[in-house]
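A short worksheet on the structure shown next.
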Number of protein chains: 2
Amino acid sequence: MKRPTLAVVAARAGVSKSSVSRVINGETTVAPEIRDVVMQAVRELGYVPNAAARNLVTRRTDAVAVVVSDPPKGVVSDDPLFSTVVRTVSRELEAVGRRVVLMLAESDESRARVERYVAGGHVDGVMLVALHGADPLPAALARMGLPVASFNRTAATDVPYVALDNAGGAELAVRHLLDRGRRRIATITGPLDLYESRERLEGYRATLRDTGRRSIVALGDFTRASGAEAMRQLLEDDPDLDAVFAANDLMAIGALRALHQAGRRVPDDVAVVGFDDIEAAAYTMPALTSVRSSMADQATATVRLLLALIKGGPRKPVIMPNDLVVRESS
Amino acid sequence: MKRPTLAVVAARAGVSKSSVSRVINGETTVAPEIRDVVMQAVRELGYVPNAAARNLVTRRTDAVAVVVSDPPKGVVSDDPLFSTVVRTVSRELEAVGRRVVLMLAESDESRARVERYVAGGHVDGVMLVALHGADPLPAALARMGLPVASFNRTAATDVPYVALDNAGGAELAVRHLLDRGRRRIATITGPLDLYESRERLEGYRATLRDTGRRSIVALGDFTRASGAEAMRQLLEDDPDLDAVFAANDLMAIGALRALHQAGRRVPDDVAVVGFDDIEAAAYTMPALTSVRSSMADQATATVRLLLALIKGGPRKPVIMPNDLVVRESS
DNA sequence: CACCCTTCAGGGAGCGCTCCCTCACCCTTC
DNA sequence: GAAGGGTGAGGGAGCGCTCCCTGAAGGGTG
């Protein structure tokens with residue numbers, strides 16, 4: 001039951017602890033025969049280095065905290081963002097031999113826990129996911145001097161991030177609707193304390209402004225339910241609208257449902273375009289036109305950014321391009 | 001930049017390291033005035049205990065590994081299972097002050113990594129999620145003597161688990177369809193190396209058998225695409241079927257789409273029932289009837305099971321009940 | 001041939017913490 | 001008033017590892 005230690009391996013191999021340590025850590029200044037005899041002992045004993053002891057002296061942890069900000073209610077339990085990002089990030093980090101410590105930051109309490117944990121030097125870096133604009137966490141973490149990279153932009157200007165070209169994506173969507181001859185194009189926004197929501201809204205507004213059309217805006221919070229609710233609101237306020245650009249696909253799905261319930265045909269009466277191109281977008285009826293932005297690619301880019309930061313790389317943001325996937329809903 | 005140590009705090013407070021340690025660990029045998037002066041010093045210095053040093057001596061880690069088995073292709077990137085389970089588990093574990101180390105077990109390599117990591121004694125327990133029947137990991141982990149709890153049943157008989165009443169849920173679904181007057185009821189199964197798939201299939205079969213009807217089975221793998229594909233297959237093989245029970249909602253969504261494309265009306269021509277009652281189920285058109293089984297509750301139960309095991313509790317499985325949510329698709 | 005330099009193994013301090021043990025002190029009790 | 005018991009603080013060993021330093025041995029050079 002008791003795990004063998006370095007000393008035990010050294011004794012077994014008939015060499016010093018130092019030599020075993022060198023072999024374990026892949027140092028090159030070891031004679032091949034010592035290497036072999038050590039490896040043999042390691043194998044026989046099933047030796048696994050004790051990470052705690054190692055961390056204690058090296059002050060490296062080989063671990064990265066992945067901090068996900070959850071809406072307090074936690075309703076969007078099947079938000080693809082979470083799965084895709086967390087999964088991709090884990091995969092990437094594991095591939096380079098780093099541990100992933102997952103932390104949720106959904107309450108002040110859990111935020112404090114994250115701060116304490118990170119302050120405790122238990123991780124080499126932090127990756128932030130989906131933090132609200134007003135969240136004090138990014139700034140607090142950045143202040144600690146630890147490498148921090150954010151999936152999407154945050155209010156903390158000194159935190160390097162990977163974001164989409166949100167305004168550009170919105171423009172793509174709106175121009176597409178205009179090309180299709182739509183004239184009253186509404187939008188359903190995400191929560192406006194999120195940068196991506198604001199940027200998508202701004203892209204929508206700017207594009208309409210450029211073509212002399214007015215904006216019709218309803219607020220959502222990136223959930224299906226909010227999309228449905230916003231859509232009902234829009235139909236009430238402006239029964240003549242003939243297109244909707246939803247700031248994410250989940251809300252577009254909600255909008256689709258609300259339109260159906262209101263007896264509007266999609267795309268005949270109202271065209272719908274979403275954002276993110278999640279898998280579900282291809283399975284709505286009618287299938288959803290959406291701005292494609294590979295969350296997986298963005299997640300990968302964020303991991304790479306963080307790893308570069310840990311190695312001392314430059315703190316500069318990365319912007320990912322996106323394009324439009326046209327399906328039946330527009 | 002250098003973090004203060006216990007010794008520094010002790011010096012500052014004018015007491016011994018032992019006393020500081022006692023205060024930090026909440027021992028009761030400390031005089032209130034010493035408590036106060038220590039807490040004061042801790043606050044002033046922003047002291048955070050070094051977990052590595054602590055783990056080294058206590059041999060506890062306060063960490064739990066959450067191991068998620070991914071399909072190698074990783075297609076189901078917005079599978080609600082992942083979000084819901086991982087999120088709920090994190091929340092529960094953080095609430096009791098435990099770290100969550102997330103690990104993916106999708107390849108032999110990553111499986112070996114998990115095994116090595118767990119063998120290294122870096123965690124106090126392991127929670128397994130969505131492991132395939134043939135996966136050698138559960139048994140391997142159980143052999144290490146470390147507490148292991150599984151979300152859903154696995155082939156390793158000595159690993160305690162929390163599962164749904166899958167057969168019962170399937171029976172609920174099929175009986176409902178029979179009550180609605182359906183006579184040719186097909187099913188789309190999940191991957192058959194998963195216990196829950198087999199149990200749902202068995203529940204379906206048994207219920208039909210009891211009423212003297214024959215089974216019509218198509219294989220899926222829990223993804224939307226497989227559901228659509230299986231549905232097309234079923235329609236081809238048995239054009240007269242009037243109902244489908246899909247072993248999960250994602251496949252039901254795919255089936256819905258395939259039915260739509262084949263020109264069948266739901267529920268008029270073909271009734272559809274899913275399993276899991278994910279959020280998306282309420283947003284399909286028509287809205288999906290589904291067997292409800294709170295994944296969040298199941299996840300919570302699994303965490304509690306694991307925590308109980310760590311405390312030395314009994315290794316007995318837990319079965320969760322489920323019920324049927326009737327919507328428009330049946 | 002003597003000397004120096006390089007290469008590489010071993011010794012051992014020390015990372016920050018816990019926990020056992022010792023010991024001082026105070027309160028009872030007879 | 002002395003002895004005994006209990007309470008609670010301090011001292012210090014040691015957890016398993018890395019990494020600096022020392023020193024032995026071998027090879028090259030003048």
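Throughout, a chain's letter reflects where its sequence line sits, starting with A, and its residues are numbered from 1. Only a predicted model underlies this, so the values are computations on that prediction, with no experimental measurement involved.
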Report which part of the nucleic acid [X] touches: base, sugar-phosphate, or nothing (heavy-atom distance under 4.0 Å, all strands).
| X | answer |
| --- | --- |
| A:Arg59 | sugar-phosphate |
| B:Ser18 | base |
| B:Asn25 | sugar-phosphate |

> Tell me, which of residues 30-52 of chain B have any heavy atom that sits under 4.0 Å from an atom in DNA chain D?
Replying inline: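 Output list: B:Val30, B:Ala31, B:Ile34.
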
SB check [X] [Y] (cutoff 4.0 Å):
| X | Y | answer |
| --- | --- | --- |
| B:Arg12 | B:Glu44 | yes |
| A:Arg99 | A:Glu94 | no |
| B:Glu92 | B:Arg98 | no |
| B:Arg111 | B:Asp135 | yes |
| B:Glu109 | B:Arg113 | yes |

>> Rounded at 0.5 Å granularity, tell me how far CZ in B:Phe82 sits from CZ in A:Phe82.
In response: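 These two atoms lie 6.0 Å from each other.
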
> Listed by chain and number, what are the ring-ring contact (aromatic ring centres under 6.0 Å, His included) partners of A:Tyr117, not counting sequence neighbours?
Replying inline: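 Expected list: A:His122.
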
> Who are the ring-ring contact (aromatic ring centres under 6.0 Å, His included) partners of B:Tyr47, not counting sequence neighbours?
Replying inline: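 So B:Tyr47 forms no ring-ring contact (aromatic ring centres under 6.0 Å, His included) with any residue.
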
> Mind checking what makes salt bridge (Lys or Arg N to Asp or Glu O under 4.0 Å) contact with B:Arg315, not counting sequence neighbours?
Replying inline: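 So B:Arg315 forms no salt bridge (Lys or Arg N to Asp or Glu O under 4.0 Å) with any residue.
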
> Between the two ends of the helix from C:dC1-D:dG30 to C:dC30-D:dG1, what is the bend in degrees, rounded to 10 degrees, where each end axis spans five pairs?
Replying inline: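 Axis-to-axis angle, ends of the helix: 50°.
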
> Do B:Ser18 and B:Ser21 have side-chain atoms, one donor and one acceptor, less than 3.5 Å apart?
Replying inline: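 Side chains of B:Ser18 and B:Ser21: no pair found under 3.5 Å.
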
> In terms of the nearest nucleotide of DNA chain D, which residue is placed more toward the 5' end: B:Val15 or B:Ala53?
Replying inline: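 Checking each residue's closest nucleotide, the 5'-ward one belongs to B:Val15.
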
> How would you give the extent of chain B contacts on DNA chain D, as first and last nucleotide 5' to 3' within a 4.0 Å heavy-atom cut-off?
Replying inline: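 Range of nucleotides within reach of chain B: D:dG8 to D:dG16.
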
